[in-house]
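Encoded as structure tokens, the structure appears first; notes follow it.
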Amino acid sequence: MSLKKKLRKKIQGKRDSLSAQARRQKSMLAAERFFQTPYYKESRTILCYYPFRSEIDTTIIIEKALKDNRRVILPRVEQKSLKLYYVQDLESQLKIGSYGIMEPAQGSKPARLDEIDLALVPGVAFDRGLNRLGYGGGFYDRLLCNLSPEVKKVVLCFEVQVVDKLPTLEHDIEVDIIITESEEIIGPAKK
């Protein structure tokens, strides 16, 4: 088993071991930190993702963003890549899609990469150098490399998902900030 696979399994195990109540409470704390950032306050169009398994609950972010008149974009897996769509109502516009993840249903309004000014990025593990370890499919790696450099890339995760150092490759894309229930990690060049 590769180092990345072992790390994914270990971190997912730690995340899965959090109770549903603890995940909800920690999700709310991280969301409150996120709402106080200039990234959120200055955003107009947010790329988000729907939480899967024991991930941080991003529906908190999506619902508040919609109430705050932000445009919210969610991805849908189509032919081994992510296609983007606007959502306004989580209950009526989503269906179970690829990998069992809730995705925008057919008929949702398509969105373009150049409309995004803030991107929430999922992953399994993150390090203090702002690197991310995804799930291994490469979907977000392909998407992130096509975003404008001005688009801020934000991670919301649980503290148990943050490690000191991840194995990285030259083409890996760093994020701008990692927000957990207890801290914000910003690289020295990004402060």
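- R142 places a side-chain N or O within 3.5 Å of a backbone atom of K80 that can act as its donor or acceptor partner.
- Rounding to the nearest 0.5 Å gives a distance of 10.0 Å between CD1 of I11 and CZ of F126.
- The CG atom of L47 lies 4.5 Å from the CD1 atom of I116; values are rounded to the nearest 0.5 Å.
- Residues S19 and Q21 have side chains that never bring a donor and an acceptor to within less than 3.5 angstrom of each other.
- Between L120 and F34 the shortest side-chain heavy-atom distance falls below 4.5 Å.
- At a cut-off of 3.5 Å, with distance as the only test, no side-chain donor of T45 or E115 sits close to an acceptor on the other residue.
- If you chain together hydrophobic residues whose side chains sit under 4.5 Å apart, L133 and L82 never meet in one group.
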Inset, instruction - Evaluate the salt bridge (charged side-chain N to carboxylate O under 4.0 Å, His left out) criterion for residues R24 and D57: first the C-alpha distance (whole Å), next the side-chain angles of each, then the deciding distance (0.1 Å), finally the verdict. - result: CA-CA 7 Å; R24 181 73 181 165; D57 186 358; 2.5 Å; yes
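- Residues T58 and L156 are not in side-chain contact: their nearest non-hydrogen atoms beyond the backbone lie 4.5 Å or more apart.
- Taking the side chain as every heavy atom from C-beta outward, Q88 and Q93 approach each other to under 4.5 Å.
- Under a cut-off of 6.0 angstrom, the local environment of NZ in K67 is sparse, with at most 12 non-hydrogen atoms contributed by other residues, nucleotides or ligands.
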Between S43 and D117, is the side chain to side chain donor-acceptor pair (under 3.5 Å) condition met? List the steps. CA-CA 6 Å; S43 68; D117 55 28; 4.7 Å; no
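- Taking hydrophobic clusters as Ile, Leu, Val, Met, Phe, Trp and Tyr residues chained together by side-chain heavy-atom distances below 4.5 Å, L84 shares a cluster with F52.
- Counting heavy atoms from C-beta outward, V121 and I173 have side chains that stay 4.5 Å or more apart.
- Between the side chain of R23 and the backbone N or O of L18, at least one donor-acceptor pair lies under 3.5 Å.
- Checked for salt-bridge contact, D141 and R132 meet the test: a charged N lies under 4.0 Å from a carboxylate O.
- Atom CD1 of residue I179 and atom CD of residue E184 lie 5.0 Å apart, to the nearest 0.5 angstrom.
- In K4, the NZ atom is crowded: over 12 heavy atoms of neighbouring residues, nucleotides or ligands sit closer than 6.0 Å.
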- Item | Audit row: E181, K26, salt bridge (charged side-chain N to carboxylate O under 4.0 Å, His left out) steps and yes/no | CA-CA 5 Å; E181 69 273 18; K26 291 172 187 291; 3.4 Å; yes
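- Few gaps surround CD on E183; more than 12 heavy atoms of other groups in view lie less than 6.0 Å from it.
- Within the 4.5 Å cutoff, the side chain of R70 has heavy atoms near those of the Y40 side chain.
- In this structure the side chain of T59 reaches within 4.5 angstrom of the side chain of Y50, judged on heavy atoms.
- Under the 4.5 Å side-chain criterion, counting only non-hydrogen atoms from C-beta, D176 is not in contact with I186.
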Candidate pair Y49 and E55, rule side chain to side chain donor-acceptor pair (under 3.5 Å), full reasoning
CA-CA 10 Å; Y49 60 94; E55 286 181 329; 5.2 Å; no
